[in-house]
Each structure stands twice: as structure tokens, then as C-alpha cells.
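Here's the structure, in C-alpha cells; my notes come after.
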Amino acid sequence: MNTLARVGTSICTNPETRALHVTASCCKNRAARIRVGKGDRPLTYEQALHPHHIGHRKGWLSQHTSNLMGENGAADRTVEDVFVRRFIFGTFHNCLANEIVIKRRGNMLVVCALMLQRLPPQKFYFLIGYTETLLSHFYKCPVKMEVQTLGDKAVYKYL
Amino acid sequence: MAAHTLNIYMLSLGRMHCHIYGRNVHKALNRATYATALSTNNSSLNKGFPDRGSRGPIIRRPRREEGEPRKDKMPVDQDWTAVYPTAAPFRPGSVPLPVRMGFPVKRGVPPEKKGNLELIKIPNFLHLTPTAIKKHCEAMKLFCTEWPSALDTNVKCDEHFPIKIECKDYVSAGTSIRNPSARIVNLRVKLSSLNLDDHAGKKMAKLLGERYYKETDIITIITDSCPVRQQNYDYAMYLLTVLYHESWKTEAWESEKTVADMEEYSWEDSPSQKNALSTLVRMQIAGEVEGDAVRDKLLGRPEVQEYRESVIRLMNEGESESSILQYREAVKKLLKL
């Protein structure tokens with residue numbers, strides 16, 4: 001079990017006090033794994049394969065050059081990715097069929113999303129335009145969304 | 001309409017006077033407004049939906065059917081560059097190939113392309129077919145200039161442009177174009193193309209140290225101490241200029257150059273010469289007085305010259321089959337074996 005401890009700065013600087021801070025335990029052998037159930041829960045390919053399959057049976061959801069050797073900016077790109085994922089998850093509430101794929105081509109951020117046909121197309125267009133404009137202004141780089149819609153989620157297996 | 005205006009009046013009244021009359025009055029007024037609001041709503045079409053006011057009832061358009069995917073309408077001889085003109089993620093409806101990607105389920109096949117995230121994740125080169133690249137080349141030709149026809153061999157390029165500068169530009173995916181490694185400047189020039197005499201050449205080589213590679217005769221100066229590439233280039237050119245001028249000057253202390261500082265082996269005044277001459281003299285008729293004239297005569301002899309050549313070759317070039325054989329022959333001739 002991995003217990004992550006966060007240390008408060010005021011306790012750190014004061015030499016006479018001691019404290020213990022704990023978070024909820026985040027076991028690495030339970031991360032991103034949906035446990036076997038009755039057999040009626042549909043899973044997508046992304047959900048069905050566990051994190052140790054990344055690089056072997058799964059690709060990477062986010063592509064940029066910062067993780068190559070000798071390149072800078074990995075942390076900035078990661079934070080941007082996390083924000084973009086949460087933003088789109090919230091904007092297209094209940095419409096996402098699968099995880100978002102983020103690609104960076106030079107300065108441009110391309111967000112590839114698979115959506116379900118839950119909203120009328122006009123609302124989709126509005127939300128796509130809204131996301132693109134807002135994120136472009138926020139990150140000061142061109143943001144493009146490539147959206148594909150499906151009738152229902154692509155099921156890989158049932159657990 | 002009258003009831004509507006009464007509503008507004010009572011609401012405003014409630015808000016203005018609630019602080020005087022207290023909470024109970026406010027609640028009573030609110031309840032009154034709520035009751036009247038309900039009565040008007042019952043007659044409208046949208047039951048359970050919030051009041052849309054003057055916008056009117058919600059019009060339910062019937063759900064449109066999705067059209068045929070593009071791949072079903074593609075002729076065989078179409079222009080593929082129109083389907084994928086630029087880099088784009090994989091679109092299963094636009095690519096007429098029955099690709100499957102993914103790890104198959106037990107006793108199954110890899111998942112199909114519809115809704116397949118794996119195909120979207122990977123970079124594809126559908127926009128870079130040979131036809132597309134030909135089109136790119138045709139478009140770029142307008143901006144290109146011909147290579148000068150006079151510079152058709154490497155030798156000519158070296159002759160006219162002896163100094164070669166190498167700088168790297170970096171492209172990365174992200175919001176910043178800055179890369180600190182782009183400031184490094186690499187300057188390469190051949191020592192023989194500089195106007196240096198014997199002494200200046202040797203001094204330059206000594207000043208450069210490991211930046212001068214003797215086998216290829218190339219001086220390499222790498223500058224990265226300044227933050228800007230222009231500054232590093234100027235510094236490299238400055239270093240070259242300074243080295244050139246300094247190597248032409250002769251300082252007073254350079255006359256103290258010892259045998260250990262010499263770059264090449266010279267046979268004159270070396271132990272090898274002394275030993276050879278003393279051996280030869282002893283081989284001569286004993287009793288003859290050694291004098292300068294005898295030594296000069298001995299030095300002038302062809303076998304001694306041959307011996308000198310072979311020793312110089314051995315010392316400068318190192319040991320190899322041919323150089324050791326040459327030394328052997330020279331020694332045999334010298335000692336008349």
C-alpha cells in the first residue's frame with residue numbers, strides 16, 4: 001500500500017511541532033482498472049486494458065515532443081493536457097464516448113474526440129466553437145477540435 | 001395582463017419593505033407571488049418545463065438520420081489529396097480501407113475501425129501520398145533558387161568558402177519556440193587554407209590544442225558561452241582572427257623551445273645521429289683523427305642519408321611493416337652487413 005504524505009510548510013519551518021498528514025491510499029495495482037463484475041458492464045478498449053499495457057497493446061492519449069530526450073516543457077504540456085481533458089469532459093457533459101486524444105503539431109493543439117449523438121448538431125457546433133475559442137485565448141495557441149460522432153459506445157468486452 | 005403587473009408590483013413591494021416588516025411578511029408576499037405564477041403556467045403547453053416567457057414553446061425537430069459515410073461515395077480514381085489535404089486524425093468514414101486495430105478478445109478479432117481510438121491516437125501519413133508530395137514540390141519550386149553551377153565539386157566549395165559555420169534550429173511541439181541549444185555555433189576551417197608559414201602553423205596548432213585534428217587538418221571552434229547565436233558567431237570569428245595574428249607574432253620566450261616541444265622529429269643534433277656517426281668513425285681506419293671535415297664527409301654519404309630518412313620516418317609515422325623494413329635495409333647498408 002502506498003500512503004502519500006503531504007507536509008504543511010508552517011509545520012516544516014517551526015522546529016518544535018510535529019505532524020502527520022495522510023491522503024487516501026492510492027494503490028498502484030488498482031489504478032485505472034475496472035474490476036471484474038457480473039458480466040453486464042460494457043467496457044471500451046481504453047477501459048478494458050490496464051495501464052501496464054500502455055506501449056504494448058495501447059497507444060498514448062497525448063502526443064508531444066517534450067518527453068523526448070533533451071527536450072523541455074514536459075510539465076507544462078502535461079498540465080495543459082489535464083486541464084483540457086477536464087474542460088472538455090465538463091463542456092460535453094455525458095456526450096463523450098471515449099477518452100480524448102490530444103495531439104500537438106508545432107504550436108497547434110488538436111483535440112480529437114469521439115462523441116455520442118446525444119445533442120442536436122447545432123448544439124455540438126456551438127460547443128465546439130466555444131471550446132476552440134476559449135482554449136485558444138487561454139493558451140495563446142490555435143486549438144482545433146476534430147470530433148467524430150457515434151451512435152453508441154464501441155464495446156470491447158463486458159465485465 | 002393585469003395580474004402580471006400586480007405580480008411585479010407585489011414582488012418589488014416585498015423586496016423593498018421586507019426589512020421593515022420582517023421575514024414573515026416577506027414570506028407571505030412571496031407565497032402570494034408563487035401562487036399566482038402557478039396559475040398562469042397551468043394553461044401553457046410545456047408541462048414540467050421552465051417558463052420560456054416570450055420565446056414560445058420548445059419546437060421538437062425530428063432527429064435527423066446520419067448521412068452516408070464518405071467512403072461509400074468515393075470513385076476509384078478520385079483525388080486523394082482532396083480527402084486528406086493536411087495532417088488530420090484518422091476518420092473511419094473517410095478512409096475506404098477495412099483496417100482493424102487493437103488486441104483481439106479471446107477467440108476474436110481486433111476491433112473494427114468505427115469508434116476505434118487506437119487508430120486516432122497514432123500519427124498517420126494519409127496526407128503524404130507520393131502524389132501529394134509531388135504537388136508540394138511543385139508549389140515549393142517557386143521559392144527555390146538554383147545551386148550555383150560553378151560550385152559543382154566539394155574541392156571548389158572548400159576553395160571559395162573555406163570557413164564552414166554550423167548552427168542548429170530546433171522545432172518542438174508546444175507554445176514556446178525558444179530552445180537554449182540553438183545558440184551553439186560550430187566553426188570549421190582547414191589550417192592549410194589559412195595564410196600561415198611554417199612557424200605560424202606550428203604555433204597555431206599548439207594554441208588550438210585539441211581543437212585541431214591533425215589527420216584531417218581541420219580546426220573546430222565550438223562556441224556556446226554567449227546566450228545569443230549572433231554573439232557566439234562573432235566570438236568564434238574573433239577567436240579565429242586573434243589566433244591568426246598571434247601565431248604570426250614571435251615572442252621572446254619562443255626561443256626557449258626545447259626538443260620535447262618539437263612537433264616532428266628531426267635527425268640533426270639527435271642522439272641517433274651522434275651514435276651513428278661515432279659507430280661509423282670507429283669502423284673507419286683506427287688512428288684517424290676525428291674532425292669536422294670527417295663528420296661532414298660521413299654525413300654526405302648516401303647510406304647515412306638513407307639511414308636518416310628511415311629513422312625520421314620511424315619516429316614521425318610510427319612503426320609499420322614498410323617503415324621497419326626500410327630501417328632494416330638502411331642499417332644493413334650503413335654497417336655493410
Side-chain angles (χ1 to χ4, degrees), chain A residues 44-49 53 56-68 70-74 76-77 80 97-117 120-122 139-142 144 146-158, chain B residues 58-67 69-71 84-95 100-128 168-182 184:
Chain A
T44 58
Y45 189 84
E46 202 54 42
Q47 290 164 327
L49 292 182
H53 286 131
H56 302 270
R57 300 180 192 175
K58 261 162 89 156
W60 279 268
L61 287 168
S62 166
Q63 281 186 350
H64 50 83
T65 58
S66 306
N67 286 327
L68 297 171
E71 298 285 335
N72 309 318
D76 300 319
R77 305 290 95 77
E80 283 168 23
N98 215 330
E99 296 278 340
I100 287 153
V101 172
I102 299 178
K103 295 190 183 189
R104 279 183 180 77
R105 286 190 205 118
N107 194 21
M108 199 164 74
L109 201 78
V110 179
V111 179
C112 313
L114 279 170
M115 308 262 179
L116 300 169
Q117 289 155 359
Q122 289 81 11
Y139 283 123
K140 307 282 182 277
C141 66
K144 293 217 157 70
E146 304 265 350
V147 172
Q148 297 170 28
T149 48
L150 302 168
D152 38 41
K153 290 191 185 181
V155 179
Y156 179 64
K157 64 174 167 187
Y158 291 89
Chain B
I58 298 172
I59 301 164
R60 287 267 163 197
R61 288 189 190 86
R63 191 202 141 93
R64 283 197 328 218
E65 282 304 309
E66 52 184 70
R70 186 173 176 171
K71 63 179 168 70
Y84 268 89
T86 49
F90 182 84
R91 283 185 287 264
S94 299
V95 178
R100 286 177 172 271
M101 179 145 170
F103 191 77
V105 206
K106 250 196 195 152
R107 305 160 66 113
V109 289
E112 55 170 8
K113 62 178 181 175
K114 185 160 179 277
N116 196 330
L117 201 65
E118 298 298 311
L119 283 163
I120 299 175
K121 284 178 192 172
I122 54 168
N124 65 62
F125 295 94
L126 293 162
H127 59 291
L128 291 174
K168 286 186 191 159
D169 283 300
Y170 293 84
V171 177
S172 65
T175 46
S176 168
I177 54 167
R178 308 290 164 203
N179 193 320
S181 322
I184 299 173

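The analysis underlying the following values was restricted to heavy atoms, covering all of them including side chains, and did not include hydrogens, waters or symmetry mates. Residue numbers begin at 1 in each chain, while the letters A, B, ... track the order of the sequences.
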* **Identified side chain to side chain contact (heavy atoms under 4.5 Å, CB included) counterpart of F103(B) within the set K58(A), H53(A), R57(A)** => R57(A)
* With a 4.5 angstrom heavy-atom cut-off, could you sort out which part of P110(B) is near chain A: side chain, backbone, both or neither? => neither
* Asked: With a 4.5 angstrom heavy-atom cut-off, which part of P123(B) approaches chain A: side chain, backbone, both or neither?
  -> both
* Where on K153(A) is there a heavy atom nearer than 4.5 Å to chain B: the side chain, the backbone, both, or neither? -> neither
* To do: For the pair K103(A) (side chain) and I120(B) (backbone), establish whether a donor and an acceptor sit closer than 3.5 Å, ignoring hydrogens and angles.
  => yes
* Asked: When you measure from the side chain of E118(B) to the backbone N and O of G59(A), does any donor-acceptor pair fall under 3.5 Å?
  -> yes
* Structure fact -> So OG of S172(B) and CG of L68(A): to nearest 0.5 Å the spacing works out to 9.5 Å
* **Heavy-atom proximity to chain A below 4.5 Å, by part of R178(B)** => neither
* To do: Supply the atom-to-atom distance E80(A) CD to T175(B) OG1, rounded to the nearest 0.5 angstrom.
  => 5.0 Å
* Any chance you could measure S176(B), atom OG, to K140(A), atom NZ, to the nearest 0.5 Å? => 15.0 Å
* Asked: Considering only heavy atoms, which portion of P111(B) lies under 4.5 Å from any heavy atom of chain A: side chain, backbone, both, or neither?
  -> side chain
* Interatomic spacing from OG1 in T65(A) to OH in Y170(B) - rounded to 0.5 Å -> 13.0 Å
* To do: Provide the closest heavy-atom pair for Q148(A) versus P92(B) in the form atom of the first, atom of the second, distance.
  => OE1-CD, 3.2 Å
